[in-house]
Amino acid sequence: MSEHLVLVADDAGIRRITVNRPDKLNALNAATLDALQTAFDAAAADAAVRVVVLTGAGPKAFVAGADIAEMADLRPTEGRDFSLRGQKLMRTIETLPKPVIAMVNGFALGGGLELAMGCHLRIAADSAKVGQPEINLGLIPGFGGSQRLLRLAGRSATLELCLLGAPVTAERALQLGIVTRVVPAADLEAETLKIAAQLAASAPLALRATLDVVNIGGECGIEEGLQYESAQFGLMFATDDMREGTRAFVERRKPAFAGR
Ligand code: COA
């Protein structure tokens, strides 16, 4: 059952993971969270996967949130466990050792925006709407949204989205720094795959180091962050990829990075 909640497909180092409950606008119930966790754990462990593209099935939604019907009858401890389950998934994505692109093809609300914010890049269709509408249900974000939105877009935007609960357009989300890029809906897939292909051909160890320094640097002081950057920078000189990259530049050819 759970393999149908999430679809997985590979093409030239790009793993596409699709949340597949289009009749429920891809709402995240517990089983879908578990299926996504399994899919991302597998993507992390597979060296042939250079980059992950995450999207939602159907024409309307990336993910329209946590499953409201499933949440309606939870007790407090169950609500906490549901939150922890979602938070674990978003953290797995955020700390994945390879880039993850959210291809935001429609509504990204509540848990859907939280899922997108766990990703490293967010490419949104101009028709997409994003928001944290939990307040309208008497709730607050529970999959890390309050914390990630705060870090991505600051206090003002976070309070606006979480207190008022109204979705914003992709263009406004771009202005607020919530999404990386907005493209015409008809071009979303081609534009996203172009970026994914660039990342798939890029140096895997340097991509991983970039994700690491940004993840760690975002949570520590400048001195520790700079020290960590130097250590990772130095480590790159031990890689074949760094030799290949610099040699290819001198020889005026495209580098072929092996991830070693
Ligand atoms: N959880 C569970 N089911 C959801 C859902 C969610 N977060 N979002 C949508 N669905 C379901 C609807 O119940 C409906 O199911 P049904 O056909 O069996 O009744 C189906 O998906 C289609 O949604 P519908 O509301 O009919 O589509 P719409 O185009 O009229 O509205 C939205 C789209 C996104 C505006 C609306 O679905 C919505 O507000 N969803 C909830 C968003 C939200 O609050 N998310 C945060 C949750 S914490």
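Just follow the structure's listing: the first ligand is 1, and inside any ligand the first atom is 1.
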Problem - Interatomic distance, L84 atom CG to L89 atom CG [nearest 0.5 angstrom] - result: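 Interatomic distance, L84 CG to L89 CG, rounded to 0.5 Å: 12.5 Å.
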
Practice task
State the CD-CZ distance between Q232 and R208, to the nearest 0.5 angstrom.
Solution key: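 Separation between the atoms: 9.0 Å.
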
Practice task
Supply the members, apart from L211, of the Ile/Leu/Val/Met/Phe/Trp/Tyr cluster built from side-chain contacts under 4.5 Å; use none for a lone residue.
Solution key: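 The other cluster members (ILVMFWY side chains, heavy atoms under 4.5 Å, direct or chained): none.
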
Nitrogen or oxygen of [X] less than 3.5 angstrom from that of ligand 1:
X    : value
G111 : no
G110 : no
E134 : no

So is [X] touching ligand 1 or not, going by heavy atoms under 4.0 Å?
X   : value
D23 : yes
K60 : yes
M71 : yes

Handout entry: Distance flag for atom 15 (O) of ligand 1, protein heavy atom under 4.0 Å
Key =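 Within 4.0 Å of atom 15 (O) of ligand 1, protein heavy atoms are found.
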
Exercise for the section: May I ask whether atom 7 (N) of ligand 1 is less than 4.0 Å from at least one protein heavy atom? Expected result: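 When distances to the protein are checked, atom 7 (N) of ligand 1 has a heavy atom within 4.0 Å.
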
Practice task
Pick whichever of R21, E114, K24 has a heavy atom sitting closest to atom 4 (C) of ligand 1.
Solution key: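 It is K24 whose heavy atom sits nearest to atom 4 (C) of ligand 1.
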
Out of all atoms in ligand 1, which are within 4.0 Å of some heavy atom of [X]? Include the element for each.
X    : result
P133 : 43 (C), 44 (O), 45 (N), 46 (C)
L109 : 34 (C), 42 (C)
D67  : 1 (N), 2 (C)

Problem - Any residue meeting ring pair (Phe, Tyr, Trp, His ring centres under 6.0 Å) with F62, in chain and number order, not counting sequence neighbours - result: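 With sequence neighbours excluded, F62 shows a ring pair (Phe, Tyr, Trp, His ring centres under 6.0 Å) to no residue whatsoever.
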
Problem - D126 vs E171 side-chain heavy atoms within contact, under 4.5 Å - result: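 Heavy-atom side-chain distance check fails, nothing below 4.5 Å.
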
Problem - Minimum heavy-atom distance F143-E114, with the two atoms named - result: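 Scanning both residues, the minimum pair turns out to be N-OE2, 2.8 Å.
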
